[in-house]
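For reference, the structure is listed below as structure tokens.
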Number of protein chains: 2
Amino acid sequence: MQKKDELLAGSLLFSGLPAEQRSEIAAICVSKRYPKGAAIFFEGEPGIGFYMVASGKVKIFKTSFDGKEQILHIFGPGEPFGEVPVFHGNPFPANAETLAESEVLFFPRAEFVGLITANPSLALNMLAVLAMRLRRFATQIENLTLKEVPGRLASYLHYLMEEQQRQDKVVLDIPKGQLASLLGTSSETLSRIFSKMTEEGLIRVEGKTIFIVDGERLKER
Amino acid sequence: MQKKDELLAGSLLFSGLPAEQRSEIAAICVSKRYPKGAAIFFEGEPGIGFYMVASGKVKIFKTSFDGKEQILHIFGPGEPFGEVPVFHGNPFPANAETLAESEVLFFPRAEFVGLITANPSLALNMLAVLAMRLRRFATQIENLTLKEVPGRLASYLHYLMEEQQRQDKVVLDIPKGQLASLLGTSSETLSRIFSKMTEEGLIRVEGKTIFIVDGERLKER
DNA sequence: TTTGGTTTTTGATCTAGGTCAAAGAAAGTC
DNA sequence: GACTTTCTTTGACCTAGATCAAAAACCAAA
């Protein structure tokens, strides 16, 4: 399967590994398709392996008893998820669900631990992935607790500007309601802040496209 | 140094390693003392190694431009911190400061990476540590965004009950102001919630000692 | 045990943002 | 193209919790 190998080669987790090892890895993983909105796993389930997005988009989230949800991550192609139980035991700490029709690779725990044990650079790659994830969590907590909603939105827009390599505009890759849940607010509030920022001449909103009118002042929110 | 070796043996990170390897590790680390309230590192500094608390207590925190602080972790003896830059490169994502007079071990990056490469079970231990940290972050975000302050306090008290193995009372090991910063609130609000919970017959507060009057109802907050 | 510095508590006030309800827009379906 | 369903916006209202100010309690050192 050519496609799978390319995906693995392009992922941070498996980058820099000799080709033969990547095929060993490709050999132990199973691919599975999910329609949009499908659950991949639930918080509290035992984790017998981890996953990697091959195509599509997956969200990791927590829900409160009264149904509110907080998105922790959104992962795209090449990004692994659900690794925590593999290394720490215990069940999944959160839920995973597709945001679009997706193809997902599954890596069974035992086999993968075997590979890691035999292969220090794979171990270091995985450590790098988890370390980056910790860093992201730290800034997410910072955003959620030390900034108010406009500031969180501003820093998300700046993140998209980096990601999409544009200074003038940016395209939301998720529905606004999901963005609200990622920013820890409600879609109503988010909508109001979009219009306030437009009034203030910071941005201009056209559906999913956000034109950056004043990037400097936007950064200062 | 007998003491150092005992500490390493008791820590999660180095548990299960053969004694000789622990002495190798003990050989590469340097110990340093800090008075209470001393900075160990700042967000944005390059990380040339990581740390482990030998004695005392260390907080990891972020600050906002206007001086508010959010505590991410509080670490005690045997717990490593500041590992993110070791594996992911880039500077420290947050600040570290002692909460009490402390002794801290420092492990230089290059040497430690060498040990990990040569030693799969050390790598797996480190993966377990980071995975546990991710799990904690996930529940911290859940607490901060999906629960209100009384709920966060309740879950912290339950955490202390586990930790201290008591059903009837619990002793705060940090000042209430620091607890407020950990729970993402102000000391004023925290104080008010302590008294409200007392009125409601859930707890009784005597300085740093919290008597658990109704553990069941407390859990439901 | 007095003094000066932290913590902690209490009171009064203010606001960001949540919630509920309903109208409008978009988008996919037959 | 009409229809249903999902997404987004707008309006009205309300509350958790922040902030400011000041008193009280606690603590450590002299």
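Letters A, B, ... are given to chains in the order of the sequence lines, protein chains preceding strands, and every chain is numbered from 1. Computed from a prediction, not measured in an experiment: that's the story for all the values here.
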Just so I know, are the side chains of B:Lys169 and B:Gln164 near enough to count as touching, which here means a heavy-atom distance under 4.5 Å? no
Using whole Å, report how far CD of B:Glu206 lies from P of C:dT7. 22 Å
Between C1' of D:dC7 and CG of A:Leu179, the distance in whole Å: 13 Å
Nearest-nucleotide wise, let me know which of A:Lys147 and A:Glu188 is further upstream toward the 5' end of DNA chain C. A:Lys147
Which part of the nucleic acid does B:Lys208 contact within heavy-atom distance under 4.0 Å: base, sugar-phosphate only, or nothing? sugar-phosphate
Angle class for the A:Tyr159/A:Tyr156 ring planes (parallel below 30°, perpendicular above 60°, tilted otherwise)? tilted
Can you tell me if the side-chain N/O atoms of B:Ser186 get under 4.0 Å from OP1 or OP2 in D:dA18? yes
Is there a side-chain contact between A:Phe81 and A:Val53 in this structure, where contact means two heavy atoms from C-beta onward sitting under 4.5 Å apart? yes
Closest listed nucleotide, where the reference is the side chain of A:Lys68 and the choices are C:dA16, C:dT19, C:dT9: C:dT19
Could you give the CD-to-C1' distance, from B:Glu148 to D:dT15, as a whole number of Å? 9 Å
Reckon B:Ser191 has a side-chain N or O less than 4.0 Å from the OP1 or OP2 of C:dT9? yes
Between the base of D:dG11 and the side chain of A:Arg192, is there a donor and acceptor pair under 3.5 angstrom? yes
Side-chain (A:Thr185) to main-chain (A:Thr189) donor-acceptor, under 3.5 angstrom: no
Would one find a side-chain N or O of A:Ser187 under 4.0 angstrom from OP1 or OP2 of D:dT8? no
Between D:dT10 atom C1' and A:Ile193 atom CD1, what is the distance in whole Å? 15 Å
Between atom CG in B:Leu146 and atom P in C:dT19, what is the gap in whole Å? 11 Å
Hey, does B:Gly184 reach any base, or is it just sugar-phosphate, or nothing, if we go heavy atoms under 4.0 Å? sugar-phosphate
Which is more 5' along DNA chain D, the nucleotide nearest B:Val149 or the one nearest A:Phe194? Just name the residue. A:Phe194
Below 4.0 Å: OP1/OP2 of C:dT10 and any side-chain N or O of B:Ser195: yes
Salt bridge A:Glu69-A:Lys62, side-chain N to carboxylate O under 4.0 Å: no
Expressed in angstrom and rounded to an integer, what is the separation of A:Glu101 atom CD from C:dG28 atom P? 14 Å
I need the NZ-P distance between B:Lys176 and D:dC27, as an integer number of Å. 10 Å
Between B:Ile174 (CD1) and C:dT7 (P), how many Å, whole number? 12 Å
